[in-house]
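Atoms considered below: every heavy atom in the structure, side chains included; atoms not considered: hydrogens, waters and symmetry mates. Throughout, residue positions are numbered sequentially from 1 according to the sequence presented.
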Amino acid sequence: MSDEKKPQNGSEQQQDDNKTLTTRQGHPVRDNQNVRTVGSRGPTTLENYQFLEKITHFDRERIPERVVHARGAGAHGVFTAYGTAGDEPVSKYTRAKLFQEKGKETPVFVRFSSVIHGGHSPETLRDPRGFATKFYTEDGNWDLVGNNLKVFFIRDPLKFPDMVHAFKPDPITNVQSMERFFDFVSLSPEATHMVTFLFSPWGIPANYRQMQGSGVNTYKWVNTEGEAVLVKYHWEPLHQGVKNLTQQEANSIQSTEFNHATLDLYAAIEKGDYPEWELCVQIMEDHEHPELDFDPLDDTKLWPPEQFPFLPVGKMTLNRNPEDYFTEVEQAAFGTGVLVDGLDFSDDKMLQGRTFSYSDTQRHRVGANYLQLPINAPKTHVATNQSGGQMQYKVDRAPGQNPHVNYEPSSMGGLHEAPKPGKDHEPEYHAKLVRAPIDRPNNFGQAGDTYRSFEDWERDELVNNLIGALSQCKPDIQERMIDHFTQADADYGRRVSEGLAAAKA
């Protein structure tokens with residue numbers, strides 16, 4: 001039976017059964033990679049009990065520090081609209097009021113952050129950077145929550161808690177482990193593209209002022225006719241440019257200062273050197289795009305700019321530092337579900353998973369009434385029938401509202417629905433409810449494109465950083481990662497393989 005699987009004895013079978021992944025209700029988990037969706041592309045259904053149990057527990061794992069994005073800095077500013085998307089009136093694509101008029105200004109607050117490490121960790125560590133913007137629009141708040149890198153590690157939200165657990169410190173030693181990181185990544189081939197960015201110089205921005213931002217997920221824009229297009233958001237630095245650090249440069253900075261990015265942002269604004277970013281969008285027709293070799297809703301992928309050009313729609317200037325760090329930066333709360341009319345959700349699985357998780361996290365972390373804090377409160381009319389909860393200090397009551405009526409509909413002076421500003425966007429679905437990955441994963445193609453697009457010194461830095469990190473891993477993990485890199489680009493895999501061999505010699 002040397003070539004066949006040997007039957008297990010009772011003891012071995014019992015040990016194997018004890019390792020079966022279950023929910024906290026004791027239900028065996030038979031698919032831990034895919035949420036249940038209408039068709040393989042979504043949307044996601046609310047009755048995903050396994051996902052809801054997993055993500056809601058994950059959202060409550062840390063008190064009170066953020067589970068991710070704990071280390072942060074922030075600033076106030078203004079967004080100025082161009083009134084156009086490229087050369088066309090922006091109204092062709094969206095009816096969102098903040099974009100319509102050239103020169104229209106909207107107050108903003110931005111929180112920059114690292115992702116994995118704790119609240120007082122060095123800002124020189126290799127890590128994605130958060131770039132979250134709160135627009136205080138006349139229609140209420142819009143939160144554009146993203147990162148400096150334009151892609152992500154995974155494409156299904158069911159894997160998110162596991163990903164963060166693998167990247168966070170070991171639960172026994174409390175030390176972050178590259179072996180744990182690459183163990184997860186080597187078994188999640190869709191992460192190859194993000195790993196290629198993260199271990200290149202793009203994995204350590206020089207500071208917050210000189211880094212790009214991206215919404216990462218795919219959203220929709222909706223016009224007055226209810227017509228929708230898919231859209232991706234990108235923040236591009238203007239006069240300050242883009243700058244990243246090599247590992248050696250980061251080490252040098254960290255030896256003398258581990259708050260350099262926070263201090264850099266604060267000092268620049270204090271002396272009037274206000275950082276600016278241009279907000280650009282990529283626009284795509286709202287369908288599956290079979291002509292592409294990837295799914296446009298896959299957030300491990302870039303949309304090729306030669307096919308889907310960056311269209312400028314406005315400019316943001318940060319011109320005021322917070323008056324108190326905790327009150328503003330620490331208590332600032334963002335959510336991917338915070339949209340205004342004319343902006344909408346796509347069926348991007350990660351977006352739909354994040355939309356539940358982010359606001360759920362804020363209610364846990366800051367409290368049920370977190371939106372009454374000045375940093376989070378809209379700068380416009382608020383009237384709800386919601387009340388109670390910890391730390392409520394006012395009731396969201398409209399002028400003239402009957403205080404005895406806290407429900408709707410009512411004929412006794414209560415609140416009423418607003419008129420519709422345009423036709424509803426009504427996507428239509430004809431698919432089975434399934435647990436399935438997307439049809440065009442193409443896990444390695446764009447990773448190879450990105451590797452080849454780097455300058456020679458960036459490729460050198462990428463390979464050296466990967467060799468240093470993978471040298472800490474077991475041989476089977478190294479082999480899986482080399483296979484991923486080789487499938488992305490033969491030279492990429494060869495250089496990492498040879499470097500690891502030399503490191504062992």
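Listed by first and then second residue, the salt bridge (charged side-chain N to carboxylate O under 4.0 Å, His left out) pairs that reach into residues 396-419 come to none, sequence neighbours excluded. Residue pairs meeting the ring pair (Phe, Tyr, Trp, His ring centres under 6.0 Å) criterion with at least one partner in residues 110-132, sequence neighbours excluded, are F112-F131, F112-Y208, F112-W277, F131-W235, F131-W277. Screening residues 100-111 for side-chain hydrogen bond (donor to acceptor under 3.5 Å, both in side chains), with sequence neighbours left out, gives K104-E138. Sorted by first then second residue, the ring pair (Phe, Tyr, Trp, His ring centres under 6.0 Å) pairs that include residues 317-343, not counting sequence neighbours, number zero.
There is no side-chain donor-acceptor pair under 3.5 Å between Q248 and N251. Counting only N and O atoms by type, the side chains of D348 and Q352 include no donor and acceptor under 3.5 Å apart. E276 and T317 form a side-chain donor-acceptor contact under 3.5 Å, judged by distance and modelled atom types alone. Between R155 and N34, the side chains place no donor N or O within less than 3.5 Å of an acceptor N or O (distance only, hydrogens not considered). N48 and T45 share a side-chain donor-acceptor pair at under 3.5 Å. Counted by atom type alone, T124 and H260 present zero donor-acceptor pairs between their side chains at under 3.5 Å. For the residue pair Y233 and Q282, no side-chain donor N or O sits within less than 3.5 Å of a side-chain acceptor on the partner. Between the side chains of T336 and T355, at least one donor-acceptor pair of N or O atoms lies under 3.5 Å. For the 3.5 Å distance criterion, the side chains of D143 and Y358 fail to qualify, holding no donor opposite an acceptor. No side-chain donor from either of K232 and N217 sits under 3.5 Å from a side-chain acceptor of the other. Side-chain contact, S114 with E123: no donor N or O sits under 3.5 Å from an acceptor N or O. Judged by distance alone, the side chains of Q212 and E236 do bring a donor and an acceptor atom under 3.5 Å apart.
Partners of R36 by salt bridge (charged side-chain N to carboxylate O under 4.0 Å, His left out), not counting sequence neighbours, listed by chain and number: E47. A search for salt bridge (charged side-chain N to carboxylate O under 4.0 Å, His left out) contacts involving D324 returns nothing, not counting sequence neighbours. Residues satisfying the side chain to side chain contact (heavy atoms under 4.5 Å, CB included) criterion with Y370, sequence neighbours excluded, are A333, S359, Q362, R363, V366, N376. With sequence neighbours excluded, no residue forms a salt bridge (charged side-chain N to carboxylate O under 4.0 Å, His left out) with R354. Judged as a side-chain hydrogen bond (donor to acceptor under 3.5 Å, both in side chains), and not counting sequence neighbours, E330 has no contacts. Legend: residues meeting salt bridge (charged side-chain N to carboxylate O under 4.0 Å, His left out) with D295, ordered by chain and number and at least two apart, are R41. F308 is linked by a ring-ring contact (aromatic ring centres under 6.0 Å, His included) to W303, counting only residues two or more places apart in sequence or in another chain. Considering only residues two or more places apart in sequence or on other chains, A383 meets the side chain to side chain contact (heavy atoms under 4.5 Å, CB included) condition with H381, A398, L415.
Between the CD atom in Q254 and the CD atom in E249 there is a gap of 14.0 Å [rounded to 0.5 Å]. The OG1 atom of T137 lies 11.5 Å from the CZ atom of F79; values are rounded to the nearest 0.5 Å. The CE atom of M163 lies 9.0 Å from the CZ atom of F181; values are rounded to the nearest 0.5 Å.
Within the 4.5 Å cutoff, the side chain of D344 has no heavy atoms near those of the Y219 side chain. Contact of the V222 side chain with the R95 side chain is registered, since non-hydrogen atoms from C-beta on lie closer than 4.5 Å. In this structure, the side chains of T56 and D360 come closer than 4.5 Å at one or more pairs of heavy atoms.
Between H234 and F310, the two ring planes are parallel [angle under 30°; tilted spans 30° to 60°]. Under the 30°/60° scheme for interplanar angles, the aromatic rings of H289 and H287 are found to lie parallel.
Scanning all heavy atoms of the two residues, the minimum distance from G140 to V340 falls at O-CG1, 3.5 Å. Closest non-hydrogen pair, N147 versus G130, comes out as OD1-CA, 3.7 Å.
Checked for salt-bridge contact, K159 and D162 miss the test: no charged N lies under 4.0 Å from a carboxylate O. We find that E225 and K423 are joined by a salt bridge, their nearest charged nitrogen and carboxylate oxygen being less than 4.0 Å apart.
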